[in-house]
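For ligands, and for the atoms within them, numbers begin at 1 and follow the listed sequence.
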Amino acid sequence: MGSPAEVCSLEHYLELPDHILEDRLLTAKQALGREVVILGHHYQRDEVIRFADFRGDSYKLSKEAGKAAGRYIVFCGVHFMAESADILSRPGQITVLPDLNAGCSMADMAEITQVEECWEQLVRAGMTSEEGVGITPITYINSTAAIKAFVGERGGVVCTSANAAAAIKWGLAKNSKLLFVPDQHLGRNTGFALGIPLQEMVVWDPYIINGGLTTDRLCSAKVILWKGHCSVHQRFLPEHVDNVRAKYPGIRVIVHPECRWEVSQKADAVGSTEGLLRMIRQAPPGTSFAVGTEIHLVNRMRREFAAEDKRVITLDDYCGCLCSTMFRISPQHLCWALENLAEGHVVNQIKVKDDVKHWARVALDRMLEIQ
Ligand code: 13P
Ligand code: SF4
């Protein structure tokens, strides 16, 4: 390992070719030993996720963050995941995101000031009290810590794609109405699967006065969905399901709930990334799957399940379903982060402010209690 001065420069690392990083990553990880826990989301590239101590979806990784024993949690994923890990970690633990540019375009579609404005309008319309008597606010984990805190303070909960159904049931047991932020598709797909008709779910557009809804429409709705989406999963279209079924008769189509409603309706099953993996793991040999989610996970499943005589293909070859922000975590960034930690330098720490942390933790703890 180089001198501390060399270790600190990211530019130097970005010039290093992948093939020399493997040994350095292993050496840095060994040097840190139990001091570090590396968490890797399923969408990470192979050359990064192979160094993860735990892989999983947002739900599983939140649980691991809460249990992590080491001094450092290095999160190979995106910003909201590292923020959640920091909120759930013990005092004194340090969470690191190897590239601070690894954000999530869906999380960027809801700003705290917009959510506050929306809530104010719902209060003014007499639909809820400021404290949340009338409407339960639910935020998908793909959101800022400030929104998680907002929801926590108003009796609401964070959900992930793995427990959205349980969160909606929980929210409707408290109040007859929900505000679901920021993924309209996860909210709509899950609400519909629970028997809520489409007409009872309205979309709040934060860029239009009053969300673009009349007070009557708002008051008659059971679920108010935020107008947000994942641009990666929107690329899957209903015709992709028709095409793949025509080409491979008998193939099972499984998709992530961030896909649009028309796609999820045509699919055989819908699940979080961990859920999709489980469906393939539990299928008998000889089963074929077309999977509607991020391409790095699909390609990894294709390779890993080939040995069990299971065929895994992407739902569509041409839509380029790659999460460019997940992709930002490169082996170079990971090596830079780990070697710096091994030298005693903390780089790219994700630190949620204490006042935000309290209520965000309340909302995340509720999430971990409901499955
Ligand atoms: P999962 O929690 O299902 O892994 O989803 C996270 C995500 O951002 C999917 O786009
Ligand atoms: Fe965000 Fe979509 Fe990427 Fe998931 S796949 S991290 S929702 S942009």
Side-chain angles (χ1 to χ4, degrees), residues 39-45 48-49 52 54-65 75-85 88 97-110 138-144 147-148 158-167 180-190 226-236 254-260 263-264 267 269-280 291-301 314-315 319-329 364 367-368 370-371:
L39 302 180
H41 185 265
H42 287 309
Y43 293 165
Q44 292 292 297
R45 333 166 177 193
V48 169
I49 207 162
F54 299 98
R55 317 176 167 193
D57 62 3
S58 309
Y59 188 83
K60 191 170 162 188
L61 294 178
S62 299
K63 283 213 141 158
E64 291 302 339
F75 212 117
C76 297
V78 289
H79 193 270
F80 72 81
M81 295 179 177
E83 263 191 348
S84 300
L88 291 165
L97 180 65
D99 184 352
L100 293 179
N101 291 313
C104 164
S105 55
M106 178 204 286
D108 293 343
M109 289 178 194
I138 300 181
T139 189
Y140 189 23
I141 195 163
N142 299 35
S143 57
T144 61
I147 293 177
K148 292 182 177 81
V158 177
C159 76
T160 73
S161 56
N163 74 346
F180 193 96
V181 182
D183 186 12
Q184 59 169 306
H185 300 290
L186 175 66
R188 185 179 296 109
N189 286 330
T190 314
W226 194 262
K227 193 173 182 198
H229 62 264
C230 164
S231 42
V232 178
H233 287 86
Q234 292 329 282
R235 298 196 188 145
F236 292 114
I254 59 176
V255 303
H256 195 276
E258 289 173 11
C259 289
R260 56 187 85 220
V263 171
S264 75
V270 177
S272 73
T273 54
E274 192 69 27
L276 297 170
L277 253 172
R278 197 179 316 118
M279 287 175 213
I280 302 175
V291 187
T293 198
E294 209 272 344
I295 196 67
H296 286 85
L297 174 58
V298 177
N299 283 340
R300 188 173 311 121
M301 294 194 296
T314 174
L315 180 52
C319 73
C321 193
L322 177 143
C323 178
S324 55
T325 46
M326 285 276 183
F327 191 73
R328 293 200 79 106
I329 308 292
L364 279 164
M367 171 191 93
L368 294 173
I370 55 176
Q371 287 207 31

Is there a donor-acceptor pair under 3.5 Å between the side chain of [X] and the backbone N or O of [Y]?
| X | Y | value |
| --- | --- | --- |
| R45 | H296 | no |
| T325 | G103 | yes |
| E258 | L186 | no |
| W226 | M109 | yes |
| D57 | G275 | no |

Just verifying a value: how many Å separate [X] [atom1] and [Y] [atom2], rounded to the nearest 0.5 Å?
| X | Y | atom1 | atom2 | result |
| --- | --- | --- | --- | --- |
| L368 | S62 | CG | OG | 6.0 Å |
| L297 | H256 | CG | NE2 | 9.5 Å |
| Y140 | F180 | OH | CZ | 8.0 Å |

For this session: Enumerate the protein N/O/S atoms at a distance below 2.8 Å from atom 1 (Fe) of ligand 2, ignoring waters.
Result: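 For atom 1 (Fe) of ligand 2, the protein N, O and S atoms that sit under 2.8 Å away are C104 SG.
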Which atom pairs, nitrogen or oxygen on both sides, join ligand 1 and the protein at under 3.5 angstrom?
| residue | atom | partner | partner atom | Å |
| --- | --- | --- | --- | --- |
| ligand 1 | 2 (O) | S58 | N | 3.0 |
| ligand 1 | 2 (O) | S58 | OG | 2.8 |
| ligand 1 | 2 (O) | S161 | OG | 3.4 |
| ligand 1 | 3 (O) | S161 | OG | 2.7 |
| ligand 1 | 3 (O) | H256 | NE2 | 2.8 |
| ligand 1 | 3 (O) | T273 | N | 3.0 |
| ligand 1 | 4 (O) | H41 | NE2 | 2.6 |
| ligand 1 | 4 (O) | T273 | OG1 | 2.6 |
| ligand 1 | 5 (O) | H256 | NE2 | 3.3 |
| ligand 1 | 8 (O) | N142 | ND2 | 3.1 |
| ligand 1 | 10 (O) | E258 | OE1 | 2.8 |
| ligand 1 | 10 (O) | E258 | OE2 | 3.1 |

For this session: Would you mind running through ligand 2 and noting each atom that sits below 4.0 Å from a heavy atom of Y43?
Result: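 Close to Y43: 5 (S).
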Exercise. Between the side chains of H185 and Q234, is a donor N or O closer than 3.5 angstrom to an acceptor N or O?
Worked result: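 Side chains of H185 and Q234: pair found under 3.5 Å.
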Problem set entry | Distance-only polar pair, side chains of H42 and E274, donor-acceptor under 3.5 Å |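 E274 and H42 do have a side-chain donor-acceptor pair below 3.5 Å.
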